[in-house]
2 protein chains.
Amino acid sequence: MSTAEATILLVDDHSVVREGYRSVLQKQPGLRVIAEAADGAEAYRLYKSEAPDLVIMDLSLPGIGGIEAVRRIRQWDKAARILVFTMHENAGFAVQAIRAGARGYVTKTSPPETLVRAVKDVLAGKIAISPDIDHELALSRISGESSAADVLTPREFEVLRLLLAENTTEQIAETLHVSPKTVANLHSLIKDKLGVGSDIELVRLALRQGLLTEV
Amino acid sequence: MSTAEATILLVDDHSVVREGYRSVLQKQPGLRVIAEAADGAEAYRLYKSEAPDLVIMDLSLPGIGGIEAVRRIRQWDKAARILVFTMHENAGFAVQAIRAGARGYVTKTSPPETLVRAVKDVLAGKIAISPDIDHELALSRISGESSAADVLTPREFEVLRLLLAENTTEQIAETLHVSPKTVANLHSLIKDKLGVGSDIELVRLALRQGLLTEV
DNA sequence: GCAACGTCGTGAAATTTTCCCGGCGTTCGT
DNA sequence: ACGAACGCCGGGAAAATTTCACGACGTTGC
């Protein structure tokens, strides 16, 4: 990788977007795109056959998602260098991606220079995180990143689960044999503990943390 | 437009993705990208100052969404030609976009040729829809299912989108330049029209219909 | 021109959310 | 054994939100 060109595998389900990566990366000497994949399975296959020095991977992919693709590639090659490049400006996703084995996380809103820098950093063995995500991670670290199951008592967690299951306050009260007032109080307390202001945010938080799977 | 080059305004909040459009379109004779915008407001401003022959517009934009941007541009110039190019493979979005005044709807999973063809079709005055969305529209027509996009007015749909984007009533009111009371009224009306009793059900419905993608 | 509809907003009632409170039982460290 | 801390349950009242009824305005379509 140091003497010759660094080879790159692009993974994104949008062909025009891959064209964008290509266009940006081609301007950099020492980088060469040798393959492209439109989904996770194809990325895995191509990684094994082409052995690129770096993978640039989107997260929202058909079939197995990007995170799972990262995990599989890393399972096959512990030294694989994978840079996640995604639209999700979300610290939670970044944590998951890095834990799955990614060596970098850059958002698509970043300017091309940020992507190029991240590519070089990862090739040099560093971990690359784009500034916006760095910032968000710092914020969540400071404010204590309310991780649902963690800050909630068992009872609160149960109520949250039922709330997400589309039950009304009255139905939950009956299920739990308590007063609707208690459920309402818990509902309010849950939102407070999780630091969300509305039910909509609550559902989204639950989705992020995998509390709500089937839609 | 027929004799000289056709001028194009690109709207997408991801710079690398704009680079992709550019790269694909540059290969076509007779097309020239003259401006780029990263959000709806900037798109509106640039449309007025640059008067491009065609706008290629993403839907998920910061601030006012793509649909609203389409509406405003068309309000200013009834003859504006706008081609929506988005990741949302969802017939509901397509319906809303066309109703708002877009002349085409192409998904980002489409091959570059499809985008190029759509650009030429829209410039020639036709309505361009990518095959996958055509198919989905046909299916929904057959099964006769009423999606959120069908029963909601454009304005209601826009408010729904903003609600799902974790905005508060006040923020939405400010974004749309209306009274918070109006937003609250619409919020209530939306829940009524969609037959849901709570915000939690609302989010779940939106998820089922693919209106909510980024978590 | 008129009817129908979308949009925006007000006001008042109905409901929900939130906050503060106390009681009860359990756990835990001293 | 004892107090302190905490989880759990709910009442009461204030605060905020939701809902409903209603009217105004512009546009569209017949």
Side-chain angles (χ1 to χ4, degrees), chain A residues 144 146 148-164 166-203 205, chain B residues 64-65 67-80 92 95-101 146-164 166-203 205:
Chain A
S146 53
D150 176 69
V151 301
L152 297 184
T153 67
R155 193 55 155 182
E156 287 159 359
F157 196 76
E158 175 70 4
V159 170
L160 173 57
R161 210 182 53 73
L162 291 170
L163 280 170
L164 297 175
E166 276 190 31
N167 289 311
T168 68
T169 299
E170 285 74 20
Q171 286 172 330
I172 296 173
E174 202 194 322
T175 301
L176 300 180
H177 303 296
V178 297
S179 143
K181 192 58 197 295
T182 298
V183 176
N185 277 337
L186 285 172
H187 186 173
S188 176
L189 187 58
I190 289 166
K191 288 202 287 182
D192 187 38
K193 277 196 176 181
L194 297 183
V196 301
S198 68
D199 282 342
I200 290 176
E201 285 180 80
L202 187 64
V203 178
L205 178 69
Chain B
I64 68 170
I67 301 266
E68 182 63 20
V70 169
R71 189 169 300 118
R72 293 197 189 174
I73 291 175
R74 288 278 298 191
Q75 209 158 4
W76 192 77
D77 176 8
K78 301 288 283 184
V95 169
Q96 285 294 328
I98 301 290
R99 283 196 192 146
S146 64
S147 70
D150 285 335
V151 302
L152 298 183
T153 67
R155 195 57 156 180
E156 287 159 359
F157 193 77
E158 180 68 7
V159 170
L160 174 57
R161 202 186 61 76
L162 291 170
L163 280 170
L164 296 176
E166 275 190 34
N167 288 312
T168 67
T169 299
E170 285 74 20
Q171 287 172 329
I172 295 172
E174 202 193 321
T175 302
L176 299 180
H177 304 295
V178 297
S179 145
K181 197 60 200 287
T182 297
V183 176
N185 277 337
L186 285 171
H187 186 172
S188 176
L189 187 58
I190 289 165
K191 288 201 288 182
D192 188 38
K193 277 196 179 183
L194 298 182
V196 300
S198 68
D199 283 342
I200 290 176
E201 285 181 79
L202 186 64
V203 178
L205 178 69

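Numbers restart at 1 for each chain; the letters A, B, ... are given by sequence-line order, proteins then strands.
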- Which angle, rounded to 10°, do you find between the first-five-pair axis and the last-five-pair axis of the helix from C:dG1-D:dC30 to C:dT30-D:dA1? 40°
- Message: When you measure from the side chain of B:R74 to the backbone of B:A80, do you find a donor-acceptor pair of N or O atoms at a distance under 3.5 Å?
- Response: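 The answer is yes, because a donor-acceptor pair under 3.5 Å joins these two groups.
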- Task: List for me each residue that meets side-chain hydrogen bond (donor to acceptor under 3.5 Å, both in side chains) alongside B:R72, sequence neighbours excluded, and say none if there are none.
- Result: B:E68
- Message: Suppose we screen for side-chain hydrogen bond (donor to acceptor under 3.5 Å, both in side chains). Which residues come up paired with B:D77, at least two apart in sequence or across chains?
- Response: B:Y47
- What residues 181-190 of chain B contributes to the DNA chain C interface at heavy-atom separation below 4.0 Å is B:K181, B:T182, B:N185
Distance-minimising heavy-atom pair for [X] and [Y]:
X      : Y      : answer
A:A173 : A:S179 : CB-C, 3.9 Å
B:E156 : B:L189 : OE2-CD2, 3.3 Å
B:V203 : A:V203 : CG1-CG1, 3.4 Å

- Task: Might you work through the side chain to side chain contact (heavy atoms under 4.5 Å, CB included) test for B:L160 and B:L202, ending with a clear yes or no?
- Result: CA-CA 9 Å; B:L160 174 57; B:L202 186 64; 4.1 Å; yes
- Task: Kindly write out the residues that satisfy side chain to side chain contact (heavy atoms under 4.5 Å, CB included) with B:A69, not counting sequence neighbours, or none if the list is empty.
- Result: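 Expected list: B:M57, B:I64.
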- Message: A:N185: which residues meet the side chain to side chain contact (heavy atoms under 4.5 Å, CB included) condition with it, sequence neighbours left out?
- Response: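 A:N185: side chain to side chain contact (heavy atoms under 4.5 Å, CB included) contacts with A:K181.
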- Note on the structure: To the nearest 0.5 Å, atom OG1 of B:T169 lies from atom NE2 of B:H187 at 7.0 Å
- Task: To the nearest 0.5 angstrom, please state how far the CG atom of B:L186 sits from the CG atom of B:L162.
- Result: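 With rounding to 0.5 Å, CG (B:L186) is 11.0 Å from CG (B:L162).
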- Using a heavy-atom cut-off of 4.0 Å to chain B, what are the terminal contacting nucleotides of DNA chain D, in 5' to 3' order?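 The protein-touched segment is D:dT19 to D:dC20.
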- Identify the 5'-most and 3'-most nucleotides of DNA chain C with at least one atom closer than 4.0 Å to a non-hydrogen atom of chain B. C:dG6 to C:dA12
- Enumerate the residue pairs fulfilling salt bridge (Lys or Arg N to Asp or Glu O under 4.0 Å) with a member in residues 182-191 of chain B, sequence neighbours excluded, ordered by first and then second residue. B:K191-B:D199
